[in-house]
Asks: 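Take this structure first; my questions come after.
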Amino acid sequence: MGMTITEKILCEHADLKEVHPGELINARVDIALGNDITAPIAIAEFEKAGGGKVYDRDKVVLIPDHFVPNKDIASAGQCKVMREFAKEQIITHYYEVGEAGIEHAFLPEQGIVLPGDLVIGADSHTCTYGALGAFATGVGSTDLAAAMLTGELWFKVPRTMKILLYGNMQKWVSGKDLILYIIGMIGVDGARYRAMEFAGETVEKLGMAARLTIANMVIEAGAKNGIFIPDNVTREYVHGKGKRNYKFYTSDPDAEYAEVIEIDVGKIEPQVAFPHIPSNVRDVSQVGEVMIDQVVIGSCTNGRIEDLRIAAKILNGRKAAPYLRLIIVPATREIYKMALREGLMGIFIDANATISPPSCGACLGGHMGVLANGERAVATTNRNFVGRMGHSGSEVYLAGPAVAAASAVLGRIAAPDELAWGSGS
Amino acid sequence: MKHRGRVWKFGDHIDTDVIIPARYLTTTSPEILAAHCLEDADPTFAKKVKAGDIIVAGENFGCGSSREHAPIAIKTAGIACVIARSFARIFYRNAFNMGLSIYESEDLWDRISDGQKIEVDSGRGTIRIINSNADLMRIQPIPPFMQELINDGGLMKHLSKKRS
Ligand code: SF4
């Protein structure tokens, strides 16, 4: 019996000849990631277990990104715990706020995670790196502590479901719309405990940014990991980035799948997930009149340069609606620089946007964009749970950058086509 | 192990943002986290809950963020165990890794009301509703490796035992 790409990566990292879904294995970890929220607990657990040196200082990655620049005295303390640990352990991949940005945008961009890796992160959106053809999954702080100590971790081999995408995407439809549509279709536990493998002719044409967005949100369907078979797009993306060897895995033709779902993407229009669950999606044409107070364009889901370019295209020469706060968050320093070079920042500022430093900030209701009771936001982030971006009486609507930018201009949830477009634009 | 306690009933897809909102994640103090446990689902939950009480929930309990602050808040609030139809996978891992007892039961949610008392016998794998003549219900058996984690007192202690 053949194996899926997920099974093969797990198998090889467990030094086994074959693995089967449901099996519990112990596997080597190539990269173990923590942030300013989850690492302090992991560090305490690590110390309690005797501590000493981490198993490999090149393989532990610590990124302060959630509450940075420090939002208050308590969060400053959390960051300090992590910084001191990083210094003492001489952690290679520790980055201050100005150097990096949001972990899941930064790690692939810098080639810190690579195809074929087994990556664990004490952050649920660690699944983002599946876009590169890596096995990457979110875990808790204790798991991170164990991985820092031993370089290994226990895993249950997941069953894989295949999502076959075919057809051509409509105008303004992006990776975000595809994954929102899929979550709407299968539900927030539709892929629980499973690997989601994306394939099909549409996938082959998707750029890396769209793949990262899609893999980022598989956790919102309950998946353990999402994964793309590496190809030329992957090769081009990682070219010159990685300082380690990497390996392209693929699924065997006779690999077994729990389920295969086929989707004609040509039918999909831009999507909006209504509160308070990411599966509550509607076509943008079916939204009705929903007035909004804030728009956030950024996050590990949609804060890449490709997303900012889409937003800039829509915001160019336009302004945010009166009384609306438009917050734009380039996800990393590199993206920030690119946006400056390309003139996108000028467009945003002229549109009355405020530019947030590369950080999680508003996405988790941390700081720099918290919502008051009764307020509504459209966000290109990944979660719209109760209280996610602030008061438990606030609401978050999830969308891609095109809908978010158009909504910012009109002050209500809107499709980009509702704006007046001159000829040639 | 036996747990006997009052049931606090919740629905499907209780996410970790609701269990412990991000605005409290500037601390790792178990007591502070416990004081805000499930605040966005029931603002007075932490005040009402008593040591030994039990949470009963529907599908996909603990979905969303991987924050281990969620099981820490629940455990420190005094909750003896959580019984759900199903758990999101990161929460499931976290609970076993840090020593919060959790069980899966298909039937309990439909048959129980908030405020009733139940007795959970993990050894026998049964749940009984106290002061009712409802049948005994079964909990899903815990996989042997997970049972080992519980017996050793969580993942880190399990590892220390293996390494010594
Ligand atoms: S941007 Fe949002 S979803 Fe992504 S890591 Fe930060 S808080 Fe989590």
Side-chain angles (χ1 to χ4, degrees), chain A residues 24 37-38 40-42 44-46 48-50 66-67 71-78 81 121-126 137-143 145-146 149-150 154 156 158 187-189 192-193 219-220 222-224 276-277 279 360 363-366 370 383 385-390 392, chain B residues 12-30 32-33 39-41 43 58-72 85-99 143-146 149 154-160 162-164:
Chain A
L24 279 166
I37 288 182
T38 58
I41 295 182
E45 287 294 322
F46 178 88
K48 252 201 275 170
H66 278 61
F67 291 150
K71 86 177 180 95
D72 53 22
I73 294 167
S75 60
Q78 302 277 86
V81 168
D123 188 280
S124 59
H125 292 103
T126 301
T137 193
V139 296
S141 294
T142 302
D143 283 311
L149 197 66
T150 65
W154 67 270
K156 188 159 131 189
V188 291
D189 57 356
R192 207 164 44 87
Y193 288 101
I219 177 71
E220 269 63 64
K224 177 169 200 145
H276 289 285
I277 190 160
S279 57
C360 293
C363 171
L364 81 161
V370 176
R383 286 189 175 137
F385 300 145
V386 170
R388 172 67 182 190
M389 291 180 75
S392 59
Chain B
D12 293 339
H13 311 302
I14 296 295
D15 61 77
T16 52
D17 272 271
V18 157
I19 297 173
I20 184 74
R23 56 186 179 273
Y24 302 120
L25 299 185
T26 53
T27 179
T28 56
S29 153
I32 299 177
L33 294 171
E39 185 175 284
D40 283 356
E59 302 282 359
N60 207 24
F61 186 85
C63 60
S65 158
S66 66
R67 57 190 71 160
E68 209 160 302
H69 311 65
I72 292 174
R85 270 224 180 90
S86 62
F87 291 92
R89 60 158 283 278
I90 304 179
F91 187 91
Y92 185 85
R93 276 188 92 94
N94 283 346
F96 283 96
N97 283 344
M98 56 72 69
F145 171 71
M146 312 307 289
L149 284 185
L155 179 63
M156 296 314 279
K157 291 200 180 119
H158 172 74
L159 289 179
S160 311
K162 267 196 359 195
R163 284 153 69 91
S164 62

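Keep in mind that this is a model prediction, so the values were computed, not measured. We use all heavy atoms of the structure for the numbers below, so side chains are in, but hydrogens, waters and symmetry mates are not. Just so we're on the same page: letters track the sequence lines, and every chain starts at 1.
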Asks: Working to the nearest 0.5 Å, report the span between CZ of A:Arg192 and OH of B:Tyr92.
Replies: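 Here the rounded value is 10.5 Å.
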
Asks: May I ask you to test the A:Trp154-B:Arg93 pair for a side-chain heavy-atom distance under 4.5 Å?
Replies: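 A side-chain contact under 4.5 Å exists here.
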
Asks: Taking every heavy-atom pair that is under 4.5 Å apart, which of B:Asp15, B:Asn94, B:Thr27 has the most such pairs with chain A?
Replies: B:Asp15

Asks: Relative to chain B, which of A:Asp123, A:Ile219, A:Asp143, A:Val370 shows the most heavy atom pairs under 4.5 Å?
Replies: A:Asp143

Asks: CZ/B:Arg67 to CD1/A:Ile37 distance, rounded to the nearest 0.5 angstrom?
Replies: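 B:Arg67 atom CZ to A:Ile37 atom CD1 measures 6.5 Å (nearest 0.5 Å).
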
Asks: Where is the tightest heavy-atom contact between B:Asn60 and A:Val188, given as atom of each residue plus distance?
Replies: ND2-O, 3.5 Å

Asks: Roughly how far, to the nearest 0.5 Å, is the OG1 atom of B:Thr16 from the CZ atom of A:Arg383?
Replies: 6.0 Å

Asks: Side chain from CB out, backbone as N, CA, C, O: work out which of these in B:Ile32 comes under 4.5 Å of a heavy atom of chain A, or both, or neither.
Replies: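 Interface part for B:Ile32: neither.
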
Asks: Heavy atoms only, distances under 4.5 angstrom: which of B:Ala70, B:Pro21, B:Pro143, B:Ser66 has the most pairs with chain A? Name it, please.
Replies: B:Ser66

Asks: How many angstroms lie between atom CG of A:Leu364 and atom CG of B:Leu25, to the nearest 0.5 angstrom?
Replies: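 That separation rounds to 7.0 Å.
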
Asks: Taking all atoms of both residues into account, what is the closest heavy-atom pair of B:Glu59 and A:Asp189, and its distance?
Replies: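 Looks like CB-OD2, 4.0 Å.
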
Asks: For a quick test of reading the model, state the closest non-hydrogen atom pair linking B:Met156 to A:Ala146 and the distance between them.
Replies: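 Looking at all heavy atoms of both residues, the closest pair is SD-N, 3.8 Å.
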
Asks: Return the minimal non-hydrogen interatomic distance between A:Ser124 and B:Gly64, and the atom names on each side.
Replies: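 Closest pair (atom of A:Ser124, atom of B:Gly64, distance): CB-O, 3.6 Å.
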
Asks: Which answer fits A:Lys71, side chain, backbone, both or neither, if we ask what part of it has an atom under 4.5 Å from a heavy atom of chain B?
Replies: side chain

Asks: Looking at B:Ser86, B:Cys63, B:Gly154, which has the largest count of heavy-atom pairs under 4.5 Å with chain A?
Replies: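 Result: the option with the highest number of such pairs is B:Ser86.
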
Asks: To the nearest 0.5 angstrom, please state how far the CD1 atom of B:Ile90 sits from the OG1 atom of A:Thr126.
Replies: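 Here the interatomic distance stands at 7.5 Å.
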
Asks: Please report the shortest heavy-atom distance between A:Gly390 and B:Arg23, naming the atom on each side.
Replies: O-NH1, 3.7 Å

Asks: Measure the spacing between CD1 of B:Ile72 and OG1 of A:Thr142 and express it to the nearest 0.5 Å.
Replies: 7.0 Å

Asks: Please identify, among A:Ile41, A:Ile277, A:Thr38, the residue contributing the most non-hydrogen atom pairs under 4.5 Å to chain B.
Replies: A:Ile41

Asks: Verify the distance criterion only: is there a donor paired with an acceptor across the side chains of A:Thr137 and B:Arg89 at less than 3.5 Å?
Replies: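 On atom types as modelled, these side chains qualify, holding a pair under 3.5 Å.
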
Asks: Answer yes or no: is there a side-chain heavy-atom contact under 4.5 Å between A:Gln78 and B:Thr28?
Replies: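 In short, these two side chains touch, coming nearer than 4.5 Å.
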
Asks: Does any backbone or side-chain atom of A:Tyr193 lie under 4.5 Å from a heavy atom of chain B? Answer side chain, backbone, both or neither.
Replies: both

Asks: Quick check: closest heavy atoms across B:Asp40 and A:Gly387, and the distance to 0.1 Å?
Replies: OD2-CA, 3.9 Å

Asks: Output the option from A:Val139, A:Thr150, A:Val386 having the highest count of non-hydrogen pairs under 4.5 Å with chain B.
Replies: A:Val139

